[in-house]
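Letters A, B, ... mirror the listed sequences (proteins, then strands); counts begin at 1. Since the structure is predicted, the reported quantities are computational estimates derived from the model, not experimental observations. All values below come from the heavy atoms of this structure, side chains included, with hydrogens, waters and symmetry mates left out.
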Amino acid sequence: METVKDMLSAWMRAGFESALAGTDADVSRVAVVPSAQPQFGDYQCNDALALGKALKQPPRALAQKALDACAPNESLERMEIAGPGFVNLTLKSDWLARQAQAMGADERLGLPDVGRGRTVILDYSSPNVAKPMHIGHIRSTVIGHALNRIHASLGYRVVADNHLGDWGTQFGILLAGYRRFLDAAALERHPVEELERVYVKSYELTRTDESWLAHCRQELVKLQAGDPESRAQWNRFIELSLGEFNRIYKRLGVTFDLFRGESHYNDSLKDTVALLEAKGLVRESEGALVAFLEEEKLPPCIVRKSDGAFNYATTDIATALARFEEFDPVRIVYVTDERQQLHFRQIFSIVHRLTGRGDTLEHVWFGLMRLPEGTFSTRQGNVIRLDALLDEAERRALDMVRQSSPGMPEAQQRAVARAVGIGAVKYADLSQNPQTTVTFSWDKALALDGNSGPYLQYAYARIASVLDKYAEQFPGQDWRGVPIAFNEPVERALGLALCRFPEAAARAAELFRPSVLADYLYDLAQTYSSFYQNVPFLKAEPGVRESRIGICALVAKTLRKGLAMLGIETPDRI
RNA sequence: GCCCCAGUAGCUCAGUUGGAUAGAGCAUCGGAUUUCUAAUCCGACGGUCGGAGGUUCGAGUCCUUCCUGGGGCGCCA
């Protein structure tokens with residue numbers, strides 16, 4: 001289905017195009033946007049102002065000419081020119097009702113199929129092997145998965161790849177420490193925790209003991225040379241870590257299509273560097289092989305260290321090339337924290353020089369999460385484990401459910417608490433533009449009221465309950481046969497909000513910002529709550545009743561689909 | 001020192017890429033439940049959009065400069 005915004009934009013653009021035929025004005029950017037305020041109608045077009053300036057014509061007259069040139073449009077109630085030259089458009093309420101109904105009947109809920117035949121690769125979560133996942137990992141994981149569901153809903157073929165940190169110098173330290181410090185019983189109980197303890201202990205020793213440091217380097221060389229015993233142990237580290245990661249992913253409902261760690265590209269690093277050399281993109285400097293990026297005004301980027309070993313830059317370049325080769329994606333999206341901005345800019349430049357496809361690469365970054373008392377670090381011991389965060393979220397939600405639904409069976413209370421607790425944590429990260437530093441607080445991450453996941457889930461559950469009550473109170477009757485109508489102002493506002501769902505979803509995908517969709521859903525839920533509180537439906541007169549139940553059902557469908565696109569569940573009861 | 005990012009109500013954040021009177025949540029205060037789930041709704045309070053210049057019909061948004069905070073800057077990832 002075409003979105004209302006696209007329909008009106010195309011219509012408006014055509015008007016400007018024929019009104020301005022013969023001039024060299026660029027009308028390709030003409031579009032409508034949702035009105036700033038309800039009194040200005042439903043959508044507005046501001047382009048007469050800019051075009052008037054470019055053509056040295058009075059904007060109001062230009063807007064009038066464009067409107068005169070527009071084809072008749074059956075969706076519109078009013079078209080007005082206001083202020084310095086805004087075009088305000090008001091939709092017919094009955095057209096809006098038909099549009100909403102059509103959206104509800106559409107199996108895609110009106111979402112445009114913009115991704116058909118296109119592949120997007122999403123690189124998210126990507127934790128390091130042998131380290132527990134902590135709250136710093138949640139943003140990449142949750143935002144990445146939401147982008148996954150959003151793109152898939154718009155018809156894209158999504159390849160979600162967990163680019164595990166399973167290679168690098170830390171494994172020398174870990175292998176050496178494993179042989180000397182391992183507590184086998186502890187490994188049995190909490191494998192990843194024990195691996196981390198061993199790593200930290202070994203790392204500390206490298207700082208005071210030269211010979212230990214040399215030993216660690218040797219272990220790394222052995223691993224990289226393919227020593228069977230080292231490889232076997234390394235494989236075990238990965239296996240143990242994946243076991244633990246997968247438990248958390250399952251809890252979060254987060255999925256991947258591939259788990260290709262950095263090591264997956266080891267064999268192609270040599271060829272990648274050879275290619276860079278052949279293309280003359282690198283030269284030797286102080287013993288290392290370096291790409292100089294003066295044209296892009298970026299600092300140099302090392303692709304082979306002076307000891308001959310490759311580094312993460314090499315791996316990331318090789319990874320991008322391999323992904324182009326295998327999947328031919330329209331986009332490769334990396335979801336990481338802000339510290340990697342420069343790194344990816346360098347990588348993107350180099351890949352662009354190699355392939356000319358640099359604009360395919362997209363870095364979606366988010367601000368670091370920190371604690372009120374400062375940054376967290378393993379050494380300070382103030383790391384909050386992801387497990388612990390989720391436990392606390394579910395505990396708080398369970399308190400709430402027990403209070404509000406004491407009659408609910410225990411098992412169901414727990415299931416609801418799980419969905420609500422996890423939903424609250426996810427929504428806290430998804431509902432805001434991620435590009436700000438976040439100070440973690442339990443109360444904020446686990447908020448259950450206001451602009452929160454549970455608010456949206458609550459709105460959904462109330463509708464599910466209403467639909468059941470309708471079936472109970474009016475057996476044999478069906479609201480589905482009665483067309484919906486928007487009579488009350490709040491109903492019309494709800495209708496307008498419903499019709500904007502596809503626009504919000506498309507925009508969220510375009511900007512790689514789930515928060516755009518979250519904002520939309522919150523607005524929809526708010527409008528619905530106002531409707532719910534102020535307009536009777538089960539007690540409304542027959543006919544009106546059915547129309548309103550139909551509106552409720554449509555809101556429920558939209559909330560359910562929208563929340564699913566954010567990776568948030570919608571229990572029928574809360 | 002250089003580069004990147006951020007600064008909007010007491011707090012946490014929106015602000016559709018330059019448009020009309022800058023909006024939500026939390027907190028505070030006042031109301032609403034014989035009625036569809038009060039995790040709700042209705043209302044009030046709250047702003048020099050970090051400061052100063054500039055660009056133009058029009059700036060929270062663009063340019064310059066300064067202040068504050070965060071991050072980064074060739075052999076960690």
Side-chain angles (χ1 to χ4, degrees), chain A residues 5 31 33-37 39-40 44 46 49-50 52-53 59 82-86 88 126 128 165 167-170 262 285-292 297-307 309-313 315-316 336-343 345-346 365 367-368 370 375 397 400-401 403-405 420 428 431-433 435-439 441 443-444 447-452 454-455 457-459 461-470 473 503-504 507 510-511 515-516 519 522-523 526 529-540 548-549 552 573-574:
Chain A
K5 181 179 171 176
V33 295
S35 288
Q37 293 180 58
Q39 68 208 31
F40 300 140
Q44 65 182 76
N46 305 327
L49 290 105
K53 188 177 187 175
F86 302 106
N88 292 338
S126 308
N128 287 324
W167 200 249
T169 48
Q170 75 267 27
E262 293 165 16
S285 167
E286 295 171 37
L289 202 60
V290 182
F292 289 90
K297 292 187 177 141
L298 294 171
C301 177
I302 291 179
V303 298
R304 192 180 65 208
K305 301 193 276 184
S306 52
D307 66 0
F310 304 115
N311 62 4
Y312 64 105
T315 307
D316 277 344
T336 81
D337 73 57
E338 60 186 340
R339 289 174 303 185
Q340 303 202 34
Q341 281 180 86
L342 175 59
H343 166 67
R345 226 177 286 175
Q346 292 175 316
W365 57 268
L368 228 43
R370 57 180 74 282
T375 52
M400 196 75 149
V401 176
Q403 210 177 333
S404 65
S405 305
V420 169
S431 63
Q432 64 175 270
N433 179 348
Q435 299 185 345
T436 53
T437 308
V438 166
T439 301
S441 88
D443 287 336
K444 201 188 146 204
L448 302 175
D449 57 359
N451 188 358
S452 70
Y455 177 90
Q457 291 171 318
Y458 179 66
R462 290 207 289 190
I463 302 176
S465 173
V466 164
L467 295 178
D468 287 353
K469 286 245 159 65
Y470 177 88
Q473 291 176 23
E503 295 167 21
R507 197 173 138 72
E510 240 172 71
L511 301 177
S515 63
V516 170
D519 272 355
Y522 180 60
D523 180 66
Q526 264 190 132
S529 294
S530 179
F531 167 70
Y532 177 90
Q533 205 77 26
N534 297 304
V535 177
F537 22 94
L538 286 179
K539 291 187 189 268
R548 288 182 180 159
I549 297 293
C552 285
R573 292 289 183 278
I574 283 189

Next on the checklist: Of the listed nucleotides (B:A20, B:C4, B:A39), which one gets closest to any side-chain atom of A:L448?
Outcome noted: B:A39
Item to check | Proximal nucleotide (of B:G19, B:A38, B:A39) relative to the A:Y532 side chain | outcome: B:A38
Next on the checklist: Within the 4.0 Å heavy-atom criterion, would you say A:V420 contacts the bases, only the backbone, or no part of the nucleic acid?
Outcome noted: base
Checklist outcome for this item: Against the side chain of A:A82, the closest entry in B:G71, B:U21, B:A20 is B:A20
Next on the checklist: What's the gap between B:G60 and B:U48 when it is taken at their C1' atoms, as a whole Å value?
Outcome noted: 13 Å
Checklist entry - Nearest to the side chain of A:D449 - B:U17, B:C26, B:A77? => result B:C26
Checklist entry - Yes or no on side-chain contact (heavy atoms from CB on, under 4.5 Å) for A:V516 and A:N433, after CA distance, side-chain angles and deciding distance? => result CA-CA 8 Å; A:V516 170; A:N433 179 348; over 6 Å; no
Next on the checklist: Just to be sure I understand the rule, does A:N433 reach a base, reach only the sugar-phosphate, or reach nothing, if contact means heavy atoms closer than 4.0 Å?
Outcome noted: sugar-phosphate
Checklist outcome for this item: Winner on side-chain proximity to A:A461, out of B:U37, B:C36, B:A39, is B:U37
Item to check | Spacing between A:D337 atom CG and B:G70 atom P, to the nearest angstrom | outcome: 16 Å
Checklist entry - Are any of A:Y455's side-chain N or O atoms less than 4.0 Å away from OP1 or OP2 of B:C41? => result yes
Next on the checklist: If you compare every side-chain N and O of A:S404 against the phosphate oxygens of B:A39 (OP1, OP2), does one of them come in below 4.0 Å?
Outcome noted: no
Checklist entry - CD of A:Q170 to CG of A:N128: how many Å apart, nearest 0.5 Å? => result 6.0 Å
Checklist entry - Rounded to the nearest Å, what distance is computed from the CG atom of residue A:N451 to the P atom of nucleotide B:G23? => result 18 Å
Next on the checklist: In this structure, how many angstroms lie between the P atom of B:G19 and the CZ atom of A:F86, rounded?
Outcome noted: 9 Å
Next on the checklist: Tell me whether the ring of A:Y522 lies stacked over the B:A24 base, given a 5.5 Å limit on centroids and a 30° limit on the plane angle.
Outcome noted: no
Next on the checklist: I need the CG-C1' distance between A:D307 and B:C76, as an integer number of Å.
Outcome noted: 13 Å
Checklist outcome for this item: Picking from B:G25, B:U40, B:A77, the nucleotide nearest the side-chain atoms of A:Q340 would be B:A77
Next on the checklist: Strictly below 4.0 Å: does A:S530 bring a side-chain N or O up to OP1 or OP2 of B:C42?
Outcome noted: yes
Checklist outcome for this item: Across every strand shown, the nucleotide meeting Watson-Crick or G-U wobble geometry with B:G7 (both distances under 3.5 Å) is B:C67
Checklist entry - If pairing requires Watson-Crick or G-U wobble contacts with both distances under 3.5 Å, which nucleotide is the partner of B:C49? => result none
Item to check | Presence of A:Q533 side-chain N/O under 4.0 Å of B:U35 phosphate oxygens OP1/OP2 | outcome: no
Item to check | Atom P, compared across B:U8 and B:G50: separation rounded to whole Å | outcome: 6 Å
Checklist entry - Base, sugar-phosphate alone, or nothing: which one does A:L511 contact when heavy atoms must sit under 4.0 Å apart? => result base
Checklist entry - By centroid distance (under 5.5 Å) and plane angle (under 30°), are A:F537 and B:C36 in a stacked arrangement? => result yes
Checklist entry - Of the nucleotides B:U40, B:A39, B:C75, which has the atom closest to the A:S306 side chain? => result B:C75
Checklist entry - Looking only at heavy atoms, what is the nearest atom pair of A:N534 and A:S530, with distance? => result ND2-O, 2.8 Å
Item to check | Separation of the C1' atoms in B:A9 and B:G25, to the nearest angstrom | outcome: 12 Å
Checklist entry - Roughly how many Å is it from CG in A:N534 to P in B:G43, rounded to a whole number? => result 9 Å
Checklist entry - Any salt bridge between A:R573 and A:D468, counting N to O under 4.0 Å? => result yes
Item to check | Side chain A:N88 and base B:A20 donor-acceptor under 3.5 Å | outcome: yes
Checklist entry - Considering all heavy atoms of both residues, which atom of A:L538 and which atom of A:Q473 are nearest to each other, and what is their separation? => result CD1-NE2, 4.1 Å
Checklist outcome for this item: Rounded to whole Å, CD of A:Q526 lies from C1' of B:G43 at a distance of 15 Å
Checklist entry - If you check every side-chain atom of A:Q432, which of B:C42, B:C13, B:A39 has the closest atom? => result B:C13
Next on the checklist: Please report the distance, rounded to the nearest Å, between CG in A:L49 and P in B:G58.
Outcome noted: 12 Å
Checklist entry - Does B:U17 sit syn or anti, given that only angles within 90° of 0 count as syn? => result syn
Next on the checklist: Is the ring pair A:F531/A:F537 parallel, tilted or perpendicular, if the boundaries are 30 and 60 degrees?
Outcome noted: parallel
Item to check | B:A27 - base-pair partner by Watson-Crick or wobble geometry, distances under 3.5 Å | outcome: none
Item to check | Same-atom distance (P) from B:A52 to B:U17, integer angstrom | outcome: 27 Å
Checklist entry - Distance between the C1' atoms of B:U21 and B:U12, in whole angstroms? => result 25 Å
Item to check | B:C76 versus B:G19 - spacing of their C1' atoms, nearest Å | outcome: 48 Å
Checklist entry - Rounded to the nearest 0.5 Å, what separation is found between the CE atom of A:M400 and the OG atom of A:S405? => result 10.5 Å
Checklist outcome for this item: Assign each of A:Q341 and A:S515 the nucleotide of RNA chain B bearing its closest heavy atom; nearer the 5' end lies the nucleotide of A:Q341
Checklist entry - For the atom pair CD1 (A:I574) and OG (A:S465), what is the distance rounded to the nearest 0.5 Å? => result 11.5 Å
Checklist entry - When we call it a touch if two heavy atoms are under 4.0 Å apart, what does A:A50 touch: a base, just sugar-phosphate, or nothing? => result base
Checklist entry - Rounding to the closest angstrom, what is the interatomic distance between B:A38 and B:C57 at atom C1'? => result 50 Å
Checklist entry - Below 4.0 angstrom from OP1 or OP2 of B:G58, is there any side-chain N or O of A:K53? => result no
Item to check | Heavy-atom closest pair, residues A:A540 and A:P536 | outcome: CB-O, 3.6 Å
Next on the checklist: With hydrogens left out and only the distance checked, is there a donor-acceptor pair under 3.5 Å joining A:Y312's side chain and the base of B:A77?
Outcome noted: yes
Checklist entry - Which nucleotide, in any strand shown, forms a Watson-Crick or G-U wobble pair with B:U40, with both distances under 3.5 Å? => result B:A32
Checklist entry - Is the number of heavy atoms from other residues, nucleotides or ligands under 6.0 Å of A:Q403 CD greater than 12? => result no
Item to check | Contact under 4.0 Å: A:R462 side-chain N or O vs B:A38 OP1/OP2 | outcome: yes
Next on the checklist: Does B:C2 have its OP1 or OP2 closer than 4.0 Å to a side-chain nitrogen or oxygen of A:K297?
Outcome noted: no
Checklist outcome for this item: By nearest-heavy-atom nucleotide on RNA chain B, the more 5' of A:Q37 and A:F531 is A:Q37
Checklist outcome for this item: A:R548 CZ to B:C36 P, in whole Å, measures 16 Å
Next on the checklist: By the 4.0 Å heavy-atom rule, please label A:S465 as base, sugar-phosphate, or nothing.
Outcome noted: base
Checklist entry - How is A:Q346 classified with respect to the nucleic acid when contacts are heavy atoms under 4.0 Å: base, sugar-phosphate, or nothing? => result nothing
Checklist entry - Counting side-chain heavy atoms from C-beta on, which of B:C13, B:U37, B:G19 comes nearest to A:Q44? => result B:G19
Checklist entry - Taking the same atom, C1', in B:C75 and in B:G10, what whole-Å distance lies between them? => result 49 Å
Checklist entry - Under 4.0 angstrom, heavy atoms only, what part of the nucleic acid is A:V303 near: base, sugar-phosphate, or nothing? => result nothing
Checklist entry - When we call it a touch if two heavy atoms are under 4.0 Å apart, what does A:T169 touch: a base, just sugar-phosphate, or nothing? => result sugar-phosphate
Next on the checklist: Taking the minimum atom-to-atom distance to the side chain of A:R573, which one of B:U37, B:C13, B:A20 wins?
Outcome noted: B:U37
